[in-house]
Amino acid sequence: MDEKYFAKKIEDKWQKKWAESRAFEIDIDDARPKFYQLEMLPYPSGNLHMGHVRNYSVGDASAWYKRLKGFNVLHPIGWDSFGQPAEDAAIKRGANPRDWTEENIKAMRGQMERLGLSYDWSRQMAAHRPEYYKFDQWFFLNMYEMGLAYKKLTQVNWCEFDQATLSNEQASGGICWRCGSAVTKKNLDQWFLKTTAYADQLLDDMKEIEAGWPANVLKRQRDWIGRSEGAYVEFPVRTAYSSGDVQPAAIAEGSDKIKVFTTRIDTIYGVNAVVAAAEHPIVQGHLGEFSPDVLAKIKEIKIEKLKPADRETEIEKDGIDTGLKAVNPFSGEEVPVWVGNYVMMEYGTGAVMSVPAHDERDLEFAKKFGLEIKQVIVGSQRPAVSGQPKLEEVFSDYGSLIDSGEWSGKTSEDAKREMAVYAEKHGFGEAATTYRLRDWGVSRQRFWGSPIPIIYCPTCGIVPEKYENLPVRLPDTAPFTGTGESPLAKVPEFYETTCPKCGEPAKRETDTMDTFVDSSWYYFRYLDPVNSELPFSPEAAAYWTPVDQYIGGDDHAVMHLIYTRFWTKVMRDIGLVKFNEPVKRLLAQGMVVGETFYDDESGKRAYYPASNVTVERDVKGRATGARSTDGTSLKWAIERMSKSKGNGVDPDEMIEIYGADAARLFILFAAPIENELVWNESGIEGSVRFLQRVWRIVWKWQAVLSVAPASAGGLGVLDAELQPPAAGGGSDMARKLRQKTHQTIQRITENLEHLQFNTPVAALMELSNAITDLKAEPDQASEAEVFAVKEAIVSLIIMLAPFAPHTAEELYSEFAGNSDGMLANGVRFPDSDLSLTRAEEIEIPVQVNGKLRSRVMASPESSDEELREMALTDEKIREYTDGKEIVKVVIVPKRLVSIVVKG
RNA sequence: GCUGGGGUGGCGGAAUUGGUAGACGCCCAGGACUUAAAAUCCUGUGCCUUUAGGGGCGUACGGGUUCGAUUCCCGUCCCCAGUACCA
């Protein structure tokens with residue numbers, strides 16, 4: 001053993017040993033419980049960033065812990081290797097996407113290995129390899145047969161900056177998930193996967209995973225799916241130019257109708273208008289009857305809607321009375337039909353019934369245009385009023401109905417149910433459920449993705465490729481222009497084919513699949529990575545899945561995590577798996593962020609690396625001013641770490657300076673894993689110091705440690721050589737250290753089971769401090785003391801393994817007498833002996849009138865009466881109680897004594 | 001605006017879910033070792049006050065419940081995230 005801790009030396013040694021001994025490669029083993037530890041796979045950009053390091057450090061700690069606990073742990077990694085950056089590199093630098101990607105994978109795997117991550121590399125998958133994307137296509141064909149994949153012409157989300165199509169999830173909030181620029185609309189013929197067919201299951205199955213997923217992720221998915229229960233109601237329509245009194249029933253026959261969706265059919269007697277979207281068929285169908293004013297307004301609204309939405313400003317409500325009239329089928333009342341900019345064609349039916357008294361948006365609209373406001377629901381907050389007052393505020397609660405014909409007096413709940421039934425019975429409506437969730441648009445006009453296995457035949461139409469012809473391979477290259485048209489459309493060797501049905505010349509689909517398809521099922525491929533018949537064998541899936549622990553950023557809450565839940569349900573229906581939910585426990589880690597400095601004079605942010613910036617700070621360390629070395633005044637922010645923003649720390653550099661173990665230890669120690677982590681360099685040195693301290697402890701006691709011959713299994717080493725001192729025997733010092741050791745084991749075990757990673761590091765530090773604080777010397781220590789020290793050190797080393805595996809392995813080899821590694825030696829995480837965690841003397845605080853006044857030492861077994869006596873006779877306490885009346889004494893066993901005095 | 005989460009030393013963060021607030025680490029100060037420095041080790045470190053022992057205040061702010069509140073309840077302010085007219 002070296003006297004000093006040389007991180008680089010031991011890290012190289014153990015990385016080599018692990019690889020040679022295939023320490024982390026595993027197989028199905030029915031004798032042991034399995035544990036599937038999964039982390040979100042990276043895009044092979046060429047460089048790991050600190051967010052990855054954090055993600056993979058947590059995952060690795062979890063994997064090590066479970067291994068040491070005796071589980072058969074599957075811990076794989078792979079590559080989300082289809083996607084835009086490869087194609088951008090091709091456009092900008094003429095790089096071949098395949099070569100570029102493979103090189104990046106090689107580089108990043110090297111970084112992961114230098115971090116010492118314990119992956120089973122034999123199971124690695126990469127999305128861009130034909131062996132993998134063959135099964136993207138296999139799934140697509142299955143879904144096509146199941147009626148879950150279909151094509152339609154539609155307005156898609158379009159990112160002008162990236163020249164790319166986006167799914168609704170990727171365009172959430174009107175901004176591109178990749179580059180953050182505003183999303184516009186474009187008409188395209190697209191393939192869709194029917195996620196809506198599983199909308200109810202996606203919602204209802206949440207109860208199976210509620211216990212293991214962060215509440216906010218489930219909430220966001222719930223909001224995204226947006227199930228809303230209500231009713232459809234049809235309003236008969238006639239034009240303003242029809243003359244004479246017409247009965248509602250007469251209008252309904254052979255005339256136009258406008259259908260609305262409402263969640264509050266109980267308020268229908270308060271309707272003052274029907275408001276339709278500008279694109280609504282009823283509006284488009286009557287354009288010829290509208291006045292020039294109306295036509296102008298419709299055009300204006302449509303133009304406004306195509307513009308990218310500005311997140312900050314609220315759009316003012318606007319609209320116009322079309323002159324059309326609609327008839328309320330419940331009351332027979334005639335109301336105007338308006339066009340409104342606040343009604344969306346994409347949701348519900350594209351038209352709403354406006355009830356200003358009970359809906360905020362309708363109220364705003366009615367106020368602006370001076371429309372009638374009629375209250376039809378009363379509640380305790382909004383009592384019945386005589387006549388119709390001017391309503392300033394909306395009343396959207398449930399209550400009971402007034403002025404609603406035969407329904408008056410009913411509660412909202414009853415009315416909602418009964419009125420929907422009534423509408424259905426009379427043929428003008430029905431109870432209905434709508435969703436915000438749309439089908440998943442998967443077509444991308446891109447080269448670097450999985451080709452969609454569809455053929456267009458002049459005679460047979462849309463024909464799916466045959467399974468035996470899969471994979472439909474990408475050509476080696478294509479003309480890359482980045483113009484928004486698929487490069488494959490310019491490669492005749494690719495698209496020219498024959499129809500699988502009639503054998504005549506036909507054309508392939510040239511769009512490729514959204515890369516979220518790849519990540520929807522990648523972690524099933526790890527189970528059976530070389531299967532060429534099926535994506536994976538159902539037997540392997542039955543053993544390993546569902547995933548026990550998944551770790552990744554929560555930015556994927558409504559993208560990847562909703563797609564993969566959908567995909568799992570499809571796989572279940574195909575018969576590949578037997579469960580509804582693929583992930584039992586999810587941990588959403590916080591981002592790693594750093595301070596950035598930039599100049600946005602030109603409209604776009606130009607970032608300056610921190611080394612070129614002089615910063616003024618206030619007493620709290622917050623920036624108050626920043627200037628670049630050339631004198632430019634800069635703005636500053638806290639942003640996600642990245643190389644391009646100049647606030648990134650390169651993992652390789654960090655490993656070089658501090659070592660992988662110290663880096664990993666620090667990133668886990670610095671903050672709770674779900675918090676955002678603001679990177680600062682100085683803390684990491686504390687981790688290095690800690691590892692050095694542990695090293696010195698072992699160095700100091702090595703003579704004692706190596707006495708024991710190697711024997712199987714963790715602390716078993718101790719039993720072979722030394723007997724624990726008899727109960728109550730041994731020195732006070734030895735007893736206290738044993739107590740600390742076992743308390744630490746208990747704490748760390750609990751913490752790790754609850755996915756806390758910062759507090760166990762603190763506990764390890766405390767234990768190492770406790771060993772250092774012993775004033776004992778190895779050559780003078782009693783047998784009991786040697787035992788206690790050895791137990792503490794061995795426990796410390798084993799429990800260090802999840803956080804700093806190289807160091808732990810090297811120190812363990814010191815007393816194992818071999819360098820086979822902990823796992824080969826059958827090491828187990830220590831168990832705590834509860835009888836040792838208890839102290840024989842504890843400090844009991846004593847309060848007088850709620851204020852801490854003294855402490856007394858007592859045995860944990862002290863009776864209430866003894867504690868009361870000790871507290872009341874305590875000298876310091878008597879200063880506060882003498883001459884006063886003792887009203888009450890509260891005694892919490894083993895905790896505290898509280899005395900209440902008066903006078 | 002709505003929904004959710006949160007506000008604890010100079011900083012990151014602990015605190016058995018009503019029972020000694022500030023564990024652990026960073027920063028900082030003093031000391032030991034050294035010709036010197038680095039490293040290491042030791043001591044101190046919430047604020048105010050006191051010669052000392054001690055005392056007072058303190059978990060965003062104001063109230064409440066309780067012997068006792070960072071923890072529970074009510075109100076106010078602020079921060080972060082998600083969301084954007086979803087009928």
Side-chain angles (χ1 to χ4, degrees), chain A residues 4 172-174 214-217 219-220 223-224 226-228 230 260-264 267 275 309-317 340-344 346-355 358-362 364-365 434-437 554-555 557-558 590-591 618-622 638 665-666 669-672 674-687 689-690 692-693 696 746-747 750 756 758-769 772 843-855 876 887-892 894-901:
Chain A
K4 290 222 168 98
S172 173
N216 80 79
V217 171
K219 182 191 179 291
R220 281 164 66 186
D223 290 350
W224 186 258
R227 180 160 65 189
S228 164
V260 302
F261 175 73
T262 178
T263 53
R264 291 299 301 273
T267 65
V275 187
D310 180 3
R311 282 179 70 80
E312 297 307 313
T313 54
E314 200 173 319
I315 302 155
E316 204 188 332
K317 290 197 173 37
N341 66 342
Y342 72 101
V343 180
M344 302 186 306
E346 301 80 43
Y347 184 79
T349 61
V352 302
M353 58 181 220
S354 168
V355 187
H358 305 292
D359 182 284
E360 206 171 328
R361 294 150 306 182
D362 295 339
E364 202 185 320
F365 195 71
T434 59
Y435 301 87
R436 196 186 117 119
L437 180 77
D554 74 349
D555 37 346
V558 289
M591 286 193 293
D618 64 11
V619 285
K620 293 211 165 195
R622 286 180 298 227
I638 299 278
L665 187 75
F666 174 65
F669 176 61
E674 61 277 7
N675 281 23
E676 189 171 81
L677 173 60
V678 181
W679 187 257
N680 85 320
E681 204 72 14
S682 60
I684 194 169
E685 290 177 22
S687 298
R689 279 202 282 268
F690 167 65
Q692 288 170 337
R693 212 152 50 229
R696 273 197 304 276
Q746 198 186 2
R747 253 174 82 186
E750 255 167 45
Q756 291 170 300
N758 56 331
T759 45
V761 177
L764 287 174
M765 288 172 170
E766 280 185 48
L767 180 58
S768 96
N769 290 346
T772 314
E843 197 183 67
I844 305 284
V846 183
Q847 297 179 343
V848 178
N849 284 351
K851 292 201 174 183
L852 179 71
R853 294 302 181 188
S854 183
R855 300 175 171 93
K876 281 188 226 151
V887 182
K888 194 174 171 185
V889 180
V890 180
I891 294 158
V892 185
K894 295 186 206 176
R895 276 279 154 71
L896 106 169
V897 178
S898 183
I899 301 163
V900 189
V901 297

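Naming: A, B, ... by sequence-line order, numbering from 1 per chain. Fair warning: this is a prediction, and the values are worked out from it, not measured in the lab.
- We find that CG of Asn758(A) is positioned 15 Å from C1' of C11(B), with the value rounded to whole Å.
- The listed nucleotides are U20(B), A87(B), G4(B); the one nearest the side chain of Lys219(A) is G4(B).
- Among the nucleotides A15(B), G19(B), G25(B), the one closest to any side-chain atom of Thr759(A) is A15(B).
- Closest to the side chain of Leu852(A), out of U20(B), C24(B), A15(B), is U20(B).
- The side chain of Glu766(A) sits closest to A23(B) out of A23(B), G19(B), A14(B).
- Among G25(B), A84(B), A87(B), the nucleotide with an atom closest to any side-chain atom of Tyr347(A) is A87(B).
- Considering only the side chain of Arg436(A), A84(B) comes nearest among U16(B), C67(B), A84(B).
- When base pairs are accepted only as Watson-Crick or G-U wobble with both N-N or N-O distances under 3.5 Å, RNA chain B takes part in stems of 3 or more pairs at B:1-7 with B:77-83, B:10-12 with B:24-26, B:28-32 with B:40-44, B:46-49 with B:54-57, B:60-64 with B:72-76.
- Taking only side-chain nitrogens and oxygens, Asn769(A) comes nearer than 4.0 Å to OP1 or OP2 of G25(B).
- Straight-line distance from the NZ atom of Lys894(A) to the C1' atom of U16(B): 12 Å, rounded to whole Å.
- Between Asn216(A) and A81(B) there is no side-chain N or O to OP1 or OP2 distance below 4.0 Å.
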Notebook entry, point to check: How does protein reach along nucleotides 37-48 of chain B, written 5' to 3' as B (base within reach of a heavy atom under 4.0 Å), S (only sugar-phosphate), or - (no contact)?
Noted result: ---SS-------

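- Contact annotation for Gly686(A): backbone-only contact, meaning every heavy-atom pair under 4.0 Å involves sugar-phosphate atoms and none involves a base.
- If you check every strand for non-hydrogen atoms under 4.0 Å, Met344(A) touches a base.
- Across all strands, Arg853(A) comes closer than 4.0 Å only to sugar-phosphate atoms, never to a base (heavy-atom distances).
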